[in-house]
Amino acid sequence: MRDKLSTMKSPIPPLNTAELLHRAWAVAGLNLQELALRANWTLPPGSLVHHKGWVGKLIEWHLGATGESKAQADFPKLGIELKTIPVDQQGRPLESTYVCTAPALASLHELYWEDSWLKRKLSHVLWLPLEGMRDKPIAERRLGAPLLWRPSLDIEQVLRQDWEELLSLLFLGEPAKIRAHYGRYLQLRPKAAHSRIVNTHYDSEGNLQVSTPKGFYLRTSFTSEILQHHYG
DNA sequence: ACTTGATCATGG
DNA sequence: CCATGATCAAGT
């Protein structure tokens, strides 16, 4: 819950990567009660079910992210994407990570990995682990050490293969038959307010295709590898 | 235990 | 409506 009467001001965007990292380290180890207090935000009650984006917005506030609700990086000048990731006591991710919505219709530039939204978003990510155990009160959940990450060449190759496979399912197959098990690191899952929302288009044979809007997600097993590789 | 499919709030 | 930020909870 964001307090609109708040006079507290979010920091201006970091001028460079070092400053961003410095800010991230400055909040590492703090819990959500302390972070909410500093921002003058109100903590949500017991569950995040009605406040799913609250934690992410709070972290954005503290670091001075300016991406807003637009299709751009959280730190446009730095080209860095911020991802808060819920982890257990061992630092292992508890959930998959949403990346971006999947295009509903193929436009030419969407067909090239090098130009893709997904590649841009994943080219430079600041991971911020946050305790996400459901039995831990929200106020007591602590932020972990930040990790500034770029995909290795090997990883990017797999991401590209996944992306190409999933895109071909979207545009050459039957989108309604897409299941979340496709993809090694990536997966396509519903991404909408609810399941009655549908995209419609005509396939190459003129048949009407109806399917739920999809988003690209990083599998929990993949983000677990990323964090383990770094933190050991 | 883990994954898949569904869902919630907000801003432009 | 669609993008952002995600987590929930049913299914396997």
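A note on names: the letters A, B, ... follow the listed sequences, proteins ahead of strands, and every chain is numbered from 1.
- Distances were taken from every side-chain heavy atom of Arg179(A) (C-beta onward) to each of dT4(C), dG5(B), dT7(B); the shortest belongs to dG5(B).
- For His50(A) and dA6(C), the NE2 to C1' distance is 15 Å, given to the nearest whole Å.
- Comparing Leu94(A) and Ser195(A) by the nucleotide of DNA chain B that holds the closest heavy atom to each, the one mapping nearer the 5' end is Leu94(A).
- Position along DNA chain C of the nearest nucleotide to Gly56(A) versus Asn199(A) favours Asn199(A) as the more 5'-ward residue.
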Review item, side-chain donor-acceptor pairs of residues 223-232 of chain A, under 3.5 Å, at least two apart:
from      : atom 1 : to        : atom 2 : distance (Å)
Thr223(A) : OG1    : Thr220(A) : O      : 3.1
Tyr231(A) : OH     : Ala145(A) : O      : 2.3

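- The distance between atom NZ of Lys57(A) and atom C1' of dG11(B), rounded to the nearest whole Å, is 8 Å.
- For Lys121(A), whose side chain is taken as the heavy atoms from C-beta onward, the closest listed nucleotide among dT4(B), dA6(B), dT4(C) is dT4(C).
- Per the geometry, CD belonging to Gln72(A) stands 17 Å off P belonging to dG11(B), to the nearest Å.
- Atom C1' of nucleotide dA6(C) and atom CH2 of Trp54(A) are separated by 14 Å, given to the nearest angstrom.
- For the OP1/OP2 pair of dT4(B) and a distance below 4.0 Å, the side-chain nitrogens and oxygens of Gln187(A) include at least one atom meeting the criterion.
- The base of dG5(C) is paired with the side chain of Lys191(A) by a donor and an acceptor separated by under 3.5 Å.
- The interatomic distance linking His194(A) (NE2) with dT4(B) (C1') rounds to 19 Å, in whole Å.
- Once rounded to the nearest 0.5 Å, the distance linking CD of Glu95(A) with CZ of Arg219(A) reads 13.5 Å.
- Regarding Arg120(A), its CZ atom lies at a distance of 13 Å from the P atom of dA3(C), rounded to whole Å.
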Start with the C-alpha distance between Gln161(A) and Gln157(A), add both sets of side-chain angles, then the distance that settles side-chain contact (heavy atoms from CB on, under 4.5 Å), and finish with yes or no. CA-CA 6 Å; Gln161(A) 287 168 0; Gln157(A) 184 137 346; 3.9 Å; yes
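- When all heavy atoms of Pro213(A) and Asn199(A) are compared, the pair lying nearest together is CA-OD1, 3.4 Å.
- Whole-Å rounding puts the Leu63(A) CG to dG5(C) C1' distance at 14 Å.
- Within the 4.0 angstrom heavy-atom criterion, no nucleotide atom of any strand lies near Lys214(A).
- A straight line from CE of Met133(A) to C1' of dA1(B) spans 17 Å, rounded to a whole angstrom.
- Remark: Thr101(A) is in phosphate contact with dA3(C), judged by side-chain N or O atoms under 4.0 Å from OP1 or OP2.
- Among the nucleotides dA3(C), dG5(C), dG5(B), the one closest to the side chain of Pro190(A) is dG5(B).
- Defined by atom type and a distance below 3.5 Å, a donor-acceptor pair is missing between the side-chain atoms of Arg196(A) and Thr212(A).
- More than 12 heavy-atom neighbours from other residues, nucleotides or ligands sit within 6.0 angstrom of CZ on Arg160(A).
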What string of B, S and - do you get for nucleotides 7-12 of chain C, 5' to 3', when a contact is any protein heavy atom under 4.0 Å? BBB---
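- Gln187(A) contributes atom CD, which lies 10.0 Å from atom OG1 of Thr97(A) (distance to the nearest 0.5 angstrom).
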